[in-house]
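This report refers to the structure that appears directly beneath it.
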Amino acid sequence: MACKKDDNTSTDDTTSTGTVITVDAANFLTSTGSVVITTENKTLSNGTTAPCYKIVTKSIPADHAMGPWCPTNISDDASKGGIWLSGGNVYDVDGAFIKNLATFYNDATWQMYNVSTGVITKTATQADCAAAANPNVGAQYKNYCVECLPSYVSSVTNTFYIPITPVKQTSSYTFATGPGGASGPSSRGIAFDGVVFDAPAPVSVILAAYTIAPFDDYGAHINLAAGYHYHAATGLTKKIAQTDGHAAMIGYAMDGFAIYERLSVAGTEYTDLDSNRGHTDSTRGYHYHVDKAGNNNFINGLAGAYVK
Ligand SMILES: [Zn+2]
Ligand SMILES: [Zn+2]
């Protein structure tokens, strides 16, 4: 399973797993300095040691702006807010959505705006962000639209390791999605702009506190620990088109297998996906297709070894 350090674009044929495509570091957007990639040997979850890409990211996307998240007034249109994910659907968080929350969730406790001015109640400072954008939402933020701004996390960096040559295992790894979860990693993968494809947002916790923490149109929001992170693939980040009508590539999973959009160019869903949302073809080898944006999810597990 050896792979040469600079062998970025080749197809390595192995007898055990068929076509295996190595991670191509050149696919990442490194020109702004937000993403720095080096090579390091690391121990994988299957006990072997393998060359890996060490990806140090500021999580500042070079391919698009960040935000907006919370609109300011119930009269604001969709350009002033982000999106919310519910029941498999994507909703624009415009002023009307905020105004309608009590009806949307069939619960009269929702009242996130001033009835006389229409001004939406939202977090305003980094301290608000720290208290409201975490799983233990402060009680004083009931009926707040929660948003954290890029300026709060300008010094955050995150480091991820991805095996350069993915190694498919006989059984898959499930993700650790919270305290006491499964043994796998929490992060699902990384987009080409260096922003992580994160675990599903804890929407039930957010809603239980009568808050919403919208995602921007790119499917991301910010917390102080992770910085800017994706919870949905909305099709607006760098993608690599395929020549055969297959869905475009949007990043890599933590096991080094590539992640593609959900639908083919013709708009069809792939019906032969395994429980991880992966399948194999002769051009791309094993790879994943992301879940619907409205499902607050990317992929369901890792077929390959990852860096512990
Ligand atoms: Zn989040
Ligand atoms: Zn495919």
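Model, not experiment: these values are computed from the prediction. Counting starts at 1 for both ligands and their atoms, in listed order.
Side-chain contact between T39 and Y53 is present, with heavy atoms from C-beta onward closer than 4.5 Å.
Geometry at the Zn ion (ligand 1): NE2/H229 and NE2/H221 form an angle of 110°, nearest 10 degrees. With the Zn ion (ligand 2) as vertex, H289 NE2 and H287 NE2 subtend 110°, rounded to 10°.
Of all N, O or S atoms in H279, the one lying closest to the Zn ion (ligand 2) is NE2. Restricting H231 to its N, O or S atoms, the one at the least distance from the Zn ion (ligand 1) is NE2.
The one candidate from Y286, Y260, F257, Y270 that meets the ring pair (Phe, Tyr, Trp, His ring centres under 6.0 Å) condition with H279 is Y270.
Across all their heavy atoms, A253 and Y288 have their closest contact at CB-CE1, 3.4 Å.
Using a distance-only test at 3.5 Å, with no hydrogens or angles considered, no donor-acceptor pair links the side chain of N100 to the main chain of T103.
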